[in-house]
Amino acid sequence: MSNELIPSDNSAIPVHAPRATDINPKAEKRAEQQVAILFALSGIGSLLLIYSYIYVANDVFIFIPIMGDQNAQQLGIGIGMAMSLFFLGIAAIHWAKTLMSDKEVVNHRHEFRSSDSDREEFVKTVKEGVAGVELGRRKLIKRSLGAALALFALPPVLLLRDLGPLPKKQLETTNWKAGTRLVTDPGNRPILASDLEVGAVVQVLPAVEHPDERALSDIAKDPVLLIRLRPEDFQLTPQKFAMTHDGIIAFSKICSHMGCAVALYEQQTKHLLCPCHQSTFDVTRGAKVIFGPAARPLPQLDITVDAQGYLVARAAFNEPVGPSFWERNSQ
Amino acid sequence: MTSVENKLGNAANFVDERIGAAGWVKKSLNKVFPDHWSFMLGEVCMYSFIILLLSGTFLTFWFDPSQRDVIYQGVYEPLKGLKMSAAYASTLDISFEVRGGLLMRQIHHWAANIFMAAIVAHLLRVFFTGAFRKPREFNWILGILLLTLGFVEGLFGYSLPDDLLSGTGLRITSAIIQAIPVVGTYISFFLFGGAFPGVGFIPRIFTLHVLLIPGAFLAVITIHVMLVWYQKHTQFPGVGRTEKNVVGHPILPVYMAKAGGFFFVVFGVIAFLSAVASINPIWLYGPYTPGQISAGSQPDWYMGWLDGLVRMAPPLETHAFGHTISWNILIPALIVPGIVFTGMALYPFIESWITGDKREHHLLDRPRNVPNRTALGVMSVTFVMVALINGGNDILATNFALSINQIMWFSRIGIFVLPPLAFVITKRLCLSLQRADRDLLLHGTETGRLLRLPHGEFVEVHAPISAEKAFILQSHEQSAALEIDDVDSRGVRRPGSIKNKLQRRLSKAHAVAVPKVTEQELKEIEHH
Ligand code: HEM
Ligand code: FES
């Protein structure tokens, strides 16, 4: 562009304005002192860290406005460390900005594409090298190589086989069987139907011989929520109604979406809510999903009472509990 | 010569006589780095990674990555006597019995959050300024890889302490794996060493978290930085800056001192945050047990948008031929993120296909000058933000007295409506900014001074803008849309007419711009 208004593309970079520290010895001296002070602050931080580590007990708490009670040792070590690092960095930057030479310079770029002759030669070398292998001519080698490579890929996958057991029926089954007593969790006490008042919610597990030794993988699928309503509150199919006992209904506590514990029960609405993604289940309608991403109701456990009046399962769950999986074979 | 210089000289001589490095090192030390605040974002990523390595190694000295049951006997009273995993117990010990241990845990966790935030900010800088264009596509893809690795590394790290919150995260992870058709159940059993929660997951992800993934990070970061070095940094347009040069400070001494200092500043800020701001107080959550849950479960922020997508998914499952496919999990947790990440990785090639531009670019774009790309970026950010908002719907609901239903429906509709809206608004905004640039060039800035003309009229005095500024406003190039005919020069129909049509349309949309000031116009102004 010939126009004077706008500089042209390859004009030189504008000359750099000198800094105060470049022309004024006093400013230079001041900057030097500032850098020294910053380094000193860093040193003080390190000392604070060392002091707090050695001399402050770890059960001393001090009150700091806004933050509340703070552990003095952790705070001292932390603030000391922060100071020692931060001021070291600031000192270096300040030094660079005020005192080191700050002239901008220009580097030139080259195109990354190689020259045509280099490229041609490269292609030629590769072609010659490949031709030397003569894979086209040696059919036998070509085929056996292919077969060997295909087999070669299998062992690495196979070697990972012992990472875990096969799923078998583990996702389809729980420890609930016909006649299993419901016991409270925590507490491990059997429950009389008459113990539950209308509106009560109790978390239960299947009674086992050694309740202290339950595997976590069992606790991941066995928990059940017992809720007592008035029998007339239910709007259930006769089939599902028959699975309740005197207004007591039992659902798997493991969310049918992704397996979180469905832990929140709202008395007024009689809704169960999963805190993970807010799937909401209507207890009166057999834990039908009324909101959220879950696609299935919570599985219902068929319950009754045994000879002593304790609540027991009448049958195992009639569908897998918890999140879906490929092999799951029911609606 | 001072004695320090003497010694340095001797050392350099010693090395050079053995490996002949002087030539190469001299060339490297002459590299110049252009200055701009946004170029520090990548540095923050690298520094927080180093901080993660240091603080993480400290934690490994005490952390016991085992799911073996222990009875807690440490100093934290509320949990005394409780059964828990050794992993959880050792994390309690680090927090309460190792001096500076809680600080290091908090440094590690804060650094992880800042690491991810810096990666995202860096990525946005690179995107909006067009720094990903040829020849830097490799580095763009490596960046996406680092982002992806970061998600996995963060999820694993977060899960190591085996507290109630992180265990819930693992429950969800296992459900996502189980949802994969055909092989999901098997993969889940193998990874966890049995039915969830299994016996092996914590020790296994520990190895991945402290060895394999950091190793991969280190390798990729090294290549990433070496490519920046080799290809030289991009620069913003300015007087004297061209596609053929790079203007800035040489590596010694200014750049080195500033960058080195900046590392300590980042470390210092993270240490300060960790000293005063609690993060992940695992002792409040209790040990993991699958039958319980803490209300308001929240993942780290960078996972929040995925959680939000999962929350807003419609309740869809297919049951057929004895099998179940969970669309409500597959779509939000695997398919959508898969599309987003693949799209991001391919974007440089998509854009160059649209513009037909196969040249090298070393001068950065001002975002307003490429309205289509800028609008696409804002659209994507809007998408993630809507998802993120929905990921915090329970927290928003309690804090702002809204119902979760309202927020959920806002998000379900918003995720389709708001991103396109953001696109349209951004594009218009870019064009208005271009128009403003044009006005600035033609009429200068308003000075606020009024002038009374001889015949009584008042006009405002406009001051012309500086030559440097004018250069920046005028230096971008505007290329026309691609001309793609359906028939070739011999009148034969070209194959792929739908593809051509798409390319023509996109290219046209991409080329929309407010015309630059022409020389003619400038001359006319001058003569006034
Ligand atoms: C590079 C990216 C990394 C990210 C994003 C990351 C992220 C995390 C996160 C979020 C946690 C949970 C922290 C807590 O609240 O306790 C964690 C824990 C942990 N990380 Fe990392 N980390 C990274 C690298 C490393 C490295 C390189 C090491 C070791 C060489 C390491 C060792 C550990 C250990 C031992 C724990 C568990 C101890 C504890 O939680 O107290 N990490 N990580
Ligand atoms: S796990 Fe219950 S809603 Fe997702």
Side-chain angles (χ1 to χ4, degrees), chain A residues 3 5-7 9-14 53 67 74-75 77-79 81-82 85-86 88-90 92-93 95-96 100 102 104-109 111-112 163-165 167 170 216-217 219-220 223 258-261 263 275-278 289 291 293-295 323-329 331, chain B residues 32 99-100 102-103 135 168 171-172 175 178 181-182 184-185 189-190 193-197 232 239-240 242 244-248 250 253-254 257-258 260-261 264-265 267-268 271-272 274-275 289-293 295 297 310-311 313 315 317 319 322-324 326 328 404 467 470-471 474 522:
Chain A
N3 200 299
L5 263 181
I6 299 180
D9 217 18
N10 37 25
S11 356
I13 46 174
Y53 194 96
M67 290 162 52
Q74 298 281 358
L75 194 64
I77 295 177
I79 296 289
M81 186 167 172
L85 291 162
F86 182 77
L88 200 61
I90 288 290
I93 293 174
W95 183 5
M100 293 181 188
D102 73 335
E104 291 204 309
V105 292
V106 180
N107 266 191
H108 291 282
R109 296 182 191 276
E111 215 196 341
F112 290 102
L163 276 174
Q170 281 203 62
L216 280 184
S217 54
I219 302 180
M258 292 170 111
C260 289
C276 275
H277 314 105
Q278 286 94 36
V289 183
F291 184 71
S324 295
F325 49 98
W326 172 250
E327 295 84 357
R328 190 177 196 283
N329 183 14
Q331 282 306 124
Chain B
V32 313
R99 280 178 280 183
L102 177 60
L103 178 73
T168 304
R171 170 87 253 202
I172 291 170
Q178 264 183 30
V182 189
T185 314
F189 269 68
F190 290 164
F196 178 83
K232 302 197 176 98
V239 177
T242 70
K244 298 249 175 283
N245 73 9
V246 47
V247 180
V254 178
K258 274 194 196 165
F264 287 100
V265 169
F267 205 162
F272 179 74
S274 311
T289 158
Q292 283 171 18
I293 194 158
S297 299
V310 169
R311 287 178 188 206
E317 269 188 4
H319 305 269
H323 292 290
T324 303
S326 318
N328 53 350
I404 284 185
F471 177 82
Q474 189 69 347
L522 277 175

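Proteins come first, then strands; the chains are lettered A, B, ... in the order of their sequence lines, and each starts at number 1. Atoms considered below: every heavy atom in the structure, side chains included; atoms not considered: hydrogens, waters and symmetry mates.
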Please report the closest heavy-atom contact between [X] and [Y], naming both atoms and the distance.
X        : Y        : result
A/Ser324 : B/Gln178 : O-OE1, 3.6 Å
A/Cys260 : B/Ile293 : CB-CD1, 3.7 Å
A/Ile77  : A/Tyr53  : CD1-CD1, 3.8 Å
A/Ala294 : B/Pro315 : O-CB, 3.1 Å
A/Met100 : B/Ala257 : CE-CB, 3.7 Å

Is there a side-chain contact (heavy atoms from CB on, under 4.5 Å) between A/Ile79 and B/Phe272 once you walk through the steps?
-> CA-CA 6 Å; A/Ile79 296 289; B/Phe272 179 74; 3.8 Å; yes

Interface residue of largest heavy-atom contact number with chain A, from [options], under 4.5 Å:
options                                : answer
B/Val182, B/Val254, B/Val310, B/Ile404 : B/Val182
B/Gly193, B/Ser274, B/Pro197, B/Ala175 : B/Pro197
B/Thr289, B/Leu102, B/Val246, B/Leu103 : B/Val246

Tell me, for [X] versus chain A, whether the close heavy atoms (under 4.5 Å) come from the side chain, the backbone, both or neither.
X        : answer
B/Thr185 : both
B/Pro135 : side chain
B/Lys244 : backbone

Taking every non-hydrogen pair under 4.5 Å, which of [options] racks up the most with chain B?
options                               : answer
A/Ala261, A/Gly164, A/Pro293, A/Ala96 : A/Pro293
A/Ala295, A/Ala92, A/Gly78, A/Pro323  : A/Ala295
A/Leu88, A/Val289, A/Ile219           : A/Ile219

Counting only heavy atoms closer than 4.5 Å, note whether [X] contacts chain B via side chain, backbone, both or neither.
X        : value
A/Ala220 : both
A/Pro223 : side chain
A/Gln278 : side chain
A/Phe112 : both

From CG (A/Leu216) to CZ (B/Phe196), nearest 0.5 Å |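 It comes to 8.5 Å.
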
Measuring from B/Phe264:CZ to A/Ile93:CD1, what's the distance to the nearest 0.5 Å?
->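 That separation rounds to 11.0 Å.
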
A/Ile90 and B/Val265, any side-chain heavy atoms less than 4.5 Å apart =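 Yes. Closest side-chain heavy atoms under 4.5 Å.
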
